[in-house]
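Following: one structure in structure tokens, then a few remarks.
Values reported hereafter were calculated over all heavy atoms of this structure, with side chains retained and with hydrogens, waters and symmetry mates removed.
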Number of protein chains: 2
Amino acid sequence: MKALQEKIHEVGRVLSADVLKVDSFLNHQIDPQLMKEVGEEFANRYANEVITKVLTIESSGIAPATFLGLTIGAPVVFARKKQSLTLTDNVYTSEVYSFTKQESNKISVSRDFLTADDNVIIIDDFLANGEAVKGLVDIVNQSGAHLVGVGIVIEKGFQQGGKLLRDQGLRIESLARIKSLENGKVEFFEDGEF
Amino acid sequence: MKALQEKIHEVGRVLSADVLKVDSFLNHQIDPQLMKEVGEEFANRYANEVITKVLTIESSGIAPATFLGLTIGAPVVFARKKQSLTLTDNVYTSEVYSFTKQESNKISVSRDFLTADDNVIIIDDFLANGEAVKGLVDIVNQSGAHLVGVGIVIEKGFQQGGKLLRDQGLRIESLARIKSLENGKVEFFEDGEF
């Protein structure tokens, strides 16, 4: 997605060969207009599918997931990283290890909002090692819902998550696929290049 | 806001005289169309003000804040409840006690995204005891920005937060103000009634 790649070139900061900081428009400050375009692009890529539910995880997945939900007319559910007191035992849970935060989180989704009748798309801001998506896939499997595919805003294509998930037969659509962050420079895969 | 009050009557669940569960459209599952209307209603209420930044807190404030930001053309910043490793020391912090989760959280906002030049509106999903808004106001004050006002999706008008904040001279716009949850029934304040 051109507008997204341009934004990353313009304001993304390469902190190391592994870390790209995009907190000026994606995961701390949000650019609403760009997130709207991101949501619409996910809708385009999955235009041939019937989707009844958009599943994401708090917090940075919420904005793009919500614009996708608005575009296709489907509700959005965000998995919680901590159980609140008003969420009762009626939940699916899974474990997600975060390399960024160096901790394991239990994530949960209420059984009220994901059932075997659903056709689900999973949305997240980043795909690196694939831990968050794996946890969300686990929850979709527990619910018996059909998983249509995954939409990622930025994939770090030089890490293993995308390959692992695609090898399982999952459809993954990443709007920006980073080939390398070497030498402080962001390089993208071209469309179709792997 | 009529559509919001109707939605609360339709799907909100009164768990006790203090607790209203609205996780089917606001804080676990999100109704994107309603959140769009909520964001637009905040924009209407503050149409006479110049706003350069929408400030909220993860996670349930993000959807309404993002639609407000889209409507008025302003970026959105969400305060984080935990510091991530890619957020460096360059942050404003404050303490927020959550009665729902029975724990105190340090919240933080990068100094890059809130400065003395900003005109800020604070958005949150719920106003009860006012702890989250107080923490966000503290952060706005630290930054030297001008605080235009606060927008709340659902105010529990029978709890003290709204009164405390209004007594400090803050403008608070709540789209649904609950008068009582007694006897399992949601009663709203009429517009202008306090």
Side-chain angles (χ1 to χ4, degrees), chain A residues 13 15-16 19-25 27-36 39 53-88 91 98-103 108-110 112-114, chain B residues 13 15-16 19-25 27-36 39 53-88 91 98-103 108-110 112-114:
Chain A
R13 283 190 287 154
L15 299 191
S16 73
V19 180
L20 172 68
K21 203 169 169 177
V22 288
D23 60 356
S24 62
F25 67 90
N27 44 25
H28 184 27
Q29 183 168 257
I30 295 169
D31 179 333
Q33 179 59 39
L34 181 62
M35 288 305 106
K36 177 172 180 279
K53 197 119 327 170
V54 180
L55 178 65
T56 186
I57 184 167
E58 58 184 357
S59 292
S60 303
I62 293 175
T66 300
F67 282 116
L68 169 59
L70 182 72
T71 307
I72 64 177
V76 176
V77 176
F78 61 89
R80 289 204 165 272
K81 288 178 182 165
K82 248 183 211 178
Q83 216 161 306
S84 105
L85 294 187
T86 56
L87 272 182
T88 56
V91 292
S98 163
F99 288 89
T100 318
K101 298 191 178 179
Q102 296 179 350
E103 61 182 25
S108 58
V109 169
S110 167
D112 291 342
F113 306 128
L114 203 59
Chain B
R13 284 191 286 154
L15 298 192
S16 72
V19 179
L20 172 69
K21 205 170 169 177
V22 288
D23 60 355
S24 63
F25 67 91
N27 43 26
H28 184 27
Q29 183 169 256
I30 295 169
D31 178 332
Q33 179 59 38
L34 182 62
M35 289 305 107
K36 177 171 180 278
K53 197 122 321 173
V54 180
L55 179 65
T56 188
I57 183 165
E58 59 184 354
S59 293
S60 304
I62 292 175
T66 301
F67 282 115
L68 169 59
L70 182 72
T71 307
I72 64 177
V76 176
V77 176
F78 61 90
R80 289 207 166 271
K81 287 177 182 165
K82 248 183 210 177
Q83 218 160 305
S84 107
L85 292 187
T86 56
L87 271 182
T88 56
V91 291
S98 164
F99 288 89
T100 319
K101 298 191 178 177
Q102 295 180 351
E103 62 182 25
S108 58
V109 169
S110 167
D112 291 342
F113 306 129
L114 202 60

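For the pair Pro32(B) and Pro75(A), the tightest heavy-atom approach, listed with the atom from each and the gap, is CD-CA, 4.1 Å.
For chain B, no part of Phe25(A) is nearby; none of its heavy atoms comes within less than 4.5 Å. Proximity to chain B (any heavy atom under 4.5 Å) is shown, for Ala65(A), by neither the backbone nor the side chain. Proximity to chain B is limited to the side chain of Asp112(A), based on heavy atoms less than 4.5 angstrom apart. Heavy-atom distances place both the backbone and the side chain of Ser24(A) under 4.5 Å from chain B. Contacts of Val54(A) with chain B are absent, with no heavy-atom separation under 4.5 Å from either backbone or side chain.
Although no hydrogens or angles enter the test, the distance criterion places no donor-acceptor pair under 3.5 Å between the side chain of Glu58(A) and the main chain of Phe78(A).
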Query raised in the report: When you look at Arg13(B) and Val19(B), which way does the side-chain contact (heavy atoms from CB on, under 4.5 Å) test go after all the steps?
Result: CA-CA 8 Å; Arg13(B) 284 191 286 154; Val19(B) 179; over 6 Å; no
Requested in this report: List the steps, then state whether side-chain contact (heavy atoms from CB on, under 4.5 Å) holds for Leu70(B) with Gln33(A).
Outcome: CA-CA 6 Å; Leu70(B) 182 72; Gln33(A) 179 59 39; 3.5 Å; yes
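Gln29(B) contributes atom CD, which lies 8.5 Å from atom OG of Ser110(A) (distance to the nearest 0.5 angstrom). Here the CZ-CD1 distance, from Phe113(B) to Ile30(A), works out to 11.0 Å after rounding to the nearest 0.5 Å.
If you tally non-hydrogen atom pairs under 4.5 Å between each of Val76(B), Leu68(B), Val77(B) and chain A, the highest count goes to Val76(B). Among Leu55(A), Asp31(A), Asn27(A), the residue making the largest number of heavy-atom pairs under 4.5 Å with chain B is Asn27(A).
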